[in-house]
Protein chains: 2
Amino acid sequence: MGETQKTPHKKLYLQVYDDICKYIASNNLKPGDHLPTEMEMCQKLGVSRTILREAIKSLEITGVIRSRPGIGIIIQSFSTDRFFSCLIDSMYISGDDHLEDDVEQMRKVIELGFSAQAFDTLSQEDISKIESILNDMKHAAEVQIRSKSKIFGLSFAEADARFHQTIFSKIPNKLVLSIINFFWAYDRKFKIKQPSSRHLRITLDKHEKIYNALMEHDKKMFMEAMEYHYSYDYKEKS
Amino acid sequence: MGETQKTPHKKLYLQVYDDICKYIASNNLKPGDHLPTEMEMCQKLGVSRTILREAIKSLEITGVIRSRPGIGIIIQSFSTDRFFSCLIDSMYISGDDHLEDDVEQMRKVIELGFSAQAFDTLSQEDISKIESILNDMKHAAEVQIRSKSKIFGLSFAEADARFHQTIFSKIPNKLVLSIINFFWAYDRKFKIKQPSSRHLRITLDKHEKIYNALMEHDKKMFMEAMEYHYSYDYKEKS
DNA sequence: AAATATTTGTCCGTATGTATC
DNA sequence: TGATACATACGGACAAATATT
């Protein structure tokens with residue numbers, strides 16, 4: 001029988017977690033396929049329903065599977081979203097300020113590293129979309145400067161994020177896009193401080209330069225604009 | 001009482017998961033600190049032990065906390081290891097071949113992007129360590145070429161990984177190192193195919209060039225060697 | 001439309017293993 | 001050696017959601 005072995009004290013639910021992973025892989029289950037029912041798996045693995053559920057929920061929180069009443073347990077298609085969501089929770093908990101710089105640096109390296117490829121993949125349509133986002137940014141900045149106060153600068157920051165996401169949206173590398181998404185989600189969770197008017201104007205200028213380069217289909221100019229975007233005088237964001 | 005609200009059908013264990021995250025953050029709990037006991041939290045949140053445990057295990061699998069019998073539930077220090085471990089499990093399950101290229105590309109961008117910084121941080125001691133690792137690689141390659149067959153080239157691959165890990169080991173950016181660790185763990189899980197003798201020799205040469213540049217403290221040469229290392233004629237690994 | 005079977009969601013009670021004092 | 005406090009693990013019961021007939 002499928003007795004999980006009593007290896008020196010590895011927690012049962014972790015063994016079950018591994019067993020289920022192996023089951024999925026070895027039976028070549030694809031997204032949309034069903035796992036056996038909880039009861040069946042309990043019997044097959046010789047564990048209680050409590051333990052099985054702990055393993056199931058651990059797989060669900062990272063987005064590998066999804067369980068629904070009356071339906072069963074379904075394999076999800078691969079995505080990094082849930083992982084990054086958990087990662088952000090964990091960073092939030094850790095309260096480690098230093099992480100902010102680490103993330104910023106990593107973001108710079110990744111965006112610059114994929115800039116050339118991104119440039120090649122952008123269509124005229126994408127560029128129009130970027131133009132429209134840039135206008136959103138301008139508008140949000142104006143509003144924010146006029147009502148010169150603690151008003152939550154979310155719409156500017158969100159447009160900023162969409163600007164970057166759109167630039168890299170056509171790259172045929174799922175990881176890149178999901179990591180850039182992660183950076184944005186990270187910002188939304190941690191960057192509460194209100195940028196100054198001066199900072200807003202500088203940021204706007206940086207993004208305009210990027211857009212202009214795209215308009216003129218000038219790759220060299222685009223790369224320079226991206227470099228410029230990430231050249232903080234000191235601790236300038238986005 | 002702390003009744004978790006019945007917002008439209010968010011699963012209870014997920015609410016509890018969030019509640020615990022918030023509890024840790026708002027009480028400013030640090031690594032090593034204890035969470036209240038299961039029973040206490042059950043009462044405070046008004047949920048059953050089953051639900052609470054599902055949330056606890058979900059937090060444990062991602063490395064946020066650790067629970068031990070007779071002791072309690074303890075906050076862990078922040079680390080990305082568990083996340084990447086889960087991510088690899090998920091990639092393994094997904095069986096998506098395309099991911100392999102995505103990871104490879106990402107690795108290239110990150111390592112090259114941090115090469116300059118890595119060069120500046122390496123001490124003579126580190127360089128000696130790299131030399132010793134390079135010798136391990138040579139030795140492993142010889143063994144592998146002589147016994148020209150399916151023998152698992154793990155020791156070569158492991159030395160290869162250590163080579164890269166050591167280069168970036170002194171960078172003051174936790175994320176970089178843990179992502180490079182992730183790449184290596186990924187390789188170990190997925191790259192089963194045996195490299196050819198020719199490939200081994202090329203790989204060795206690439207790493208020798210990197211080491212020579214370090215020996216001579218020649219940054220430009222180092223950067224070129226890193227570039228060369230990542231210039232596949234096609235689909236050449238590491 | 002309505003009844004029924006299936007499956008997960010949630011709770012409870014009890015016993016066991018482990019660490020601390 | 002106990003006594004205590006804690007997580008680990010089991011099994012049963014009922015509720016809620018969904019699918020099927």
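Protein chains get the first letters and strands the later ones, always in sequence-line order, with residue 1 at the start of each.
Nucleotide D:dC10 forms a Watson-Crick or G-U wobble pair with C:dG13, both donor-acceptor distances falling under 3.5 Å.
Considering only side-chain atoms of A:L12, the nucleotide from C:dT7, D:dT18, D:dC10 that sits closest is D:dC10. Considering only the side chain of B:P69, D:dT8 comes nearest among D:dT8, C:dA19, C:dT10. For A:S48, whose side chain is taken as the heavy atoms from C-beta onward, the closest listed nucleotide among C:dC12, C:dT8, D:dC10 is D:dC10. With distances taken from any side-chain atom of B:T50 to the nucleotides D:dT8, C:dC11, D:dA9, the minimum falls on C:dC11. In the set D:dG11, D:dT8, D:dA9, D:dT8 carries the atom at the smallest distance from any side-chain atom of B:S67. Here the side chain of B:R49 is nearest to one of C:dT10, C:dT8, D:dA7, namely D:dA7. Side chain of A:K11, nearest nucleotide from D:dC10, C:dT10, D:dT8: D:dT8.
Following rounding to the nearest Å, B:K10 (NZ) and C:dT10 (P) show an atom-to-atom distance of 12 Å. Here the C1' atom of nucleotide C:dT8 and the CG atom of A:L52 are 11 Å apart, to the nearest Å. With rounding to whole Å, B:Y13 atom OH is found 15 Å from C:dC11 atom P. Distance CD1 (B:I71) to P (D:dA7): 10 Å, rounded to an integer number of Å. Rounded to whole angstrom, the span from the CD1 atom of B:I74 across to the C1' atom of C:dT18 amounts to 13 Å. One can place CZ of B:R66 at 14 Å from C1' of D:dT8, the figure rounded to the nearest angstrom. A straight line from CD1 of A:I51 to C1' of D:dA7 spans 11 Å, rounded to a whole angstrom. Spacing between atom CG of B:L14 and atom C1' of C:dT10 amounts to 14 Å, rounded to whole angstrom units.
Considering SG of B:C86 and CD1 of B:I61, their distance stands at 5.0 Å, rounded to 0.5 Å.
A:E54 has a carboxylate O that lies under 4.0 Å from a charged side-chain N of B:R53, or vice versa, which qualifies the two as a salt bridge. Contact check on A:D19 versus A:K44 returns no salt bridge, with no Lys/Arg side-chain nitrogen under 4.0 Å from an Asp/Glu carboxylate oxygen.
Within 4.0 Å (heavy atoms only), B:I56 reaches no atom of the nucleic acid at all.
Looking only at side-chain heavy atoms (C-beta outward), B:K30 and B:I75 stay at 4.5 Å or farther from each other. At a threshold of 4.5 Å between non-hydrogen side-chain atoms, the residues B:V103 and A:L175 count as touching.
The phosphate of D:dT8 (OP1 or OP2) has a side-chain N or O of B:K57 nearer than 4.0 angstrom.
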